[in-house]
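Have a look at the structure below before the remarks.
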Amino acid sequence: MFRQEEVFVGGWQEKTIEAMQKRRFEQQIAQLPPLGAGRLSELTPGALERRLEQCWQDIERKPMRAQQMAQVWKNVLGSIDIQADCLSREEHELVERALILGGCVRIEDAQELEAARALSLRLWASVGVVSGKPYIELETPVLEPVARAFAREAHERIREKLEGFNAWLTGTLYRIGAIDDRLPQQMLLREVLGAEHEQLIQLSRRYLWASCDCVDYSGGVMLVHSALADPRHLITAGRRRLSLINPAQTVFSTDILPEEIPLQRDLERAICGALRDEYRAEDVARNLRFLCKQGAPLRAMEEVLQSTLIVYISTGMRGALANMYYSMPKWIESSERAALQ
């Protein structure tokens, strides 16, 4: 989904993936109405008009409320099969869970909330809070049609192809940090959907926008890795970095490269047993790896590490962290590291 501009007042500690997701999760929950208030049938005429302007469906406007609602469901249900095929992985899993539980389910984390927002833009669902907890409620008219769409053999075939595409996209984003959405869209149309017409072009873009963090830039839309806090530098170098992508290359879904595994494990071993109760060595080392990849200075990484420890950073910890810092392939080079090269 599209990111909102963020100001990182706490420095690099605010740029860990957990801190960013927690902050966005809390901000979005605070903006949600009570569950039920977002149903299409409950919206005021003005709110319904705004919803239709923002949605991912092209809905013809009608003068009367009953006519407008009939047109909404004509559009939504008329394309339900192909829409179901083009749900993101998180959307698909959330809809499956909601169907099992009668159409309404609690949202557990930031990724599910992003998926719920995407489903509301498809006009499939409304999102709201009950006792301060976020829930998604599928619109009643879509319940049975979506269940039938999921049961189709054609749906299974497309979802299998999407798994391979997701592996390529996940691996590519991890290798380079950000990518213009046009190349993945072309691959999605050619290798998964097998056709190219206006509806599929729109659905392929919305699939990408629902699957990845997105930011607008002067040339279009950039898909960015979820751990990349400030993608502006990569956006500036986006066209040059396209040369690093080989669409024919087999890339496995991963959030760590083979050469990075020993660097992270060395750091995990160095800090194991010295962490505060709420932290795990694997998570702390992963956070520091992501900070390293987006250009955090070594001193800032030490400060983030120190905030997780019950002791002062030891020589062994500092050595493992420095080894990660100087050996890790990066999305963005820090200024101090570039000065040494």
Side-chain angles (χ1 to χ4, degrees), residues 1-8 10-29 87-94 107-119 121 134 162-163 165-181 183-185 188 205-217 220-235 237-238 241 244-245 251-257 260 264 280 282-296 301 304 328-332:
M1 292 295 291
F2 283 84
R3 289 187 182 182
Q4 298 178 347
E5 290 289 334
E6 287 191 86
V7 178
F8 300 101
W12 286 98
Q13 290 190 14
E14 293 296 313
K15 295 182 180 181
T16 65
I17 188 170
E18 282 87 357
M20 290 190 294
Q21 290 181 343
K22 179 181 178 182
R23 185 165 55 251
R24 293 168 189 163
F25 189 56
E26 292 173 349
Q27 290 172 349
Q28 290 170 17
I29 290 175
L87 296 179
S88 72
R89 179 186 300 168
E90 291 77 15
E91 286 178 292
H92 199 279
E93 292 175 353
L94 192 56
I107 297 167
E108 300 292 344
D109 55 35
Q111 286 186 319
E112 285 193 351
L113 185 52
E114 292 292 336
R117 288 178 57 207
L119 288 166
L121 290 173
L162 279 172
E163 284 300 309
F165 173 81
N166 285 333
W168 177 86
L169 182 59
T170 301
T172 298
L173 277 176
Y174 184 75
R175 285 189 296 122
I176 65 175
I179 180 176
D180 187 291
D181 74 342
L183 176 59
Q185 183 186 10
L188 188 56
R205 294 200 82 189
R206 291 161 188 165
Y207 173 85
L208 294 172
W209 296 350
S211 299
C212 305
D213 281 11
C214 308
V215 292
D216 288 308
Y217 75 112
V221 174
M222 189 73 77
L223 310 179
V224 301
H225 193 280
S226 56
L228 181 59
D230 186 355
R232 287 175 295 177
H233 296 296
L234 281 182
I235 290 174
R241 294 176 66 84
L244 301 176
I245 302 172
V251 179
F252 296 100
S253 179
T254 181
D255 72 344
I256 190 167
L257 298 175
E260 297 172 350
Q264 173 160 327
R280 296 192 313 148
E282 181 180 356
D283 295 335
V284 172
R286 175 174 172 266
N287 273 338
L288 290 166
R289 172 164 55 87
F290 282 143
L291 290 180
C292 182
K293 292 189 75 68
Q294 58 186 306
M301 293 174 62
V304 173
M328 182 76 64
K330 293 179 172 58
W331 300 325
I332 303 170

Does any part of the side chain of C292, heavy atoms only, come nearer than 4.5 Å to the side chain of K330, both counted from C-beta? yes
Once you round to the nearest 0.5 Å, how far does CZ of R89 lie from OG1 of T170? 6.0 Å
State the NE2-SG distance between H225 and C212, to the nearest 0.5 angstrom. 10.0 Å
Regarding K15 and the six-membered ring of F290, is the cationic atom NZ or CZ under 6.0 Å from the ring centre and inside 45° of its axis? no
Student check: side-chain heavy atoms of W168 and P184 closer than 4.5 Å: yes
Quick one: does any side-chain atom of K293 pair with a main-chain N or O of P329 as donor and acceptor, under 3.5 Å? yes
Could you check whether any side-chain heavy atom of Y174 comes within less than 4.5 Å of a side-chain heavy atom of L257, counting everything from C-beta outward? yes
Y207 vs L87, side-chain contact (heavy atoms from CB on, under 4.5 Å): CA-CA, chis, key distance, verdict: CA-CA 6 Å; Y207 173 85; L87 296 179; 5.9 Å; no
Pairwise distance CD(Q111) to OG(S211) - rounded to 0.5 angstrom: 11.0 Å
How many angstroms lie between atom CG of L288 and atom OG1 of T16, to the nearest 0.5 angstrom? 9.5 Å
Report the C-alpha distance between R286 and E18 in whole Å, list the side-chain angles of each, state the deciding distance to 0.1 Å, and finish with yes or no for salt bridge (Lys or Arg N to Asp or Glu O under 4.0 Å). CA-CA 11 Å; R286 175 174 172 266; E18 282 87 357; 3.5 Å; yes
Main-chain N/O of E90 paired to E93 side chain as donor or acceptor, under 3.5 Å: no
Between R3 (side chain) and V224 (backbone), is there a donor-acceptor pair under 3.5 Å? no
One thing to verify: whether R24 and E114 come together as a salt bridge, which I'm taking to mean a side-chain N less than 4.0 angstrom from a carboxylate O. no
Shortest non-hydrogen contact from Q264 to E282? NE2-O, 3.7 Å
Atom of W209, atom of V221 and distance for their closest heavy-atom approach: NE1-CG1, 3.6 Å
Which atom pair, heavy atoms only, marks the closest approach of A118 to M1? CB-SD, 3.9 Å
From the options T172, D181, D180, select the one residue that forms a side chain to side chain contact (heavy atoms under 4.5 Å, CB included) with L223. D181
Taking the side chain as everything from C-beta on, heavy atoms only, tell me whether W331 gets closer than 4.5 Å to I176. no
Are I179 and L173 close enough, and set up right, to give a side-chain contact (heavy atoms from CB on, under 4.5 Å), and what steps lead you there? CA-CA 7 Å; I179 180 176; L173 277 176; 3.6 Å; yes
Nearest 0.5 angstrom please: L169 CG to L208 CG, how far? 6.5 Å
Within a strict 4.5 Å, meaning less than it, do heavy atoms of the L162 and L188 side chains meet? yes
Distance check, rounded to the nearest 0.5 Å: M301 atom CE versus N287 atom CG? 10.5 Å
Decide yes or no on side-chain contact (heavy atoms from CB on, under 4.5 Å) for L228 and D213, but give the supporting numbers first. CA-CA 9 Å; L228 181 59; D213 281 11; over 6 Å; no
Any E112 side-chain heavy atom under 4.5 Å of F25 side chain: no
Does I29 reach the side chain of L113, with side-chain heavy atoms less than 4.5 Å apart? yes
Is there a side-chain contact (heavy atoms from CB on, under 4.5 Å) between Q21 and I17 once you walk through the steps? CA-CA 6 Å; Q21 290 181 343; I17 188 170; 3.8 Å; yes
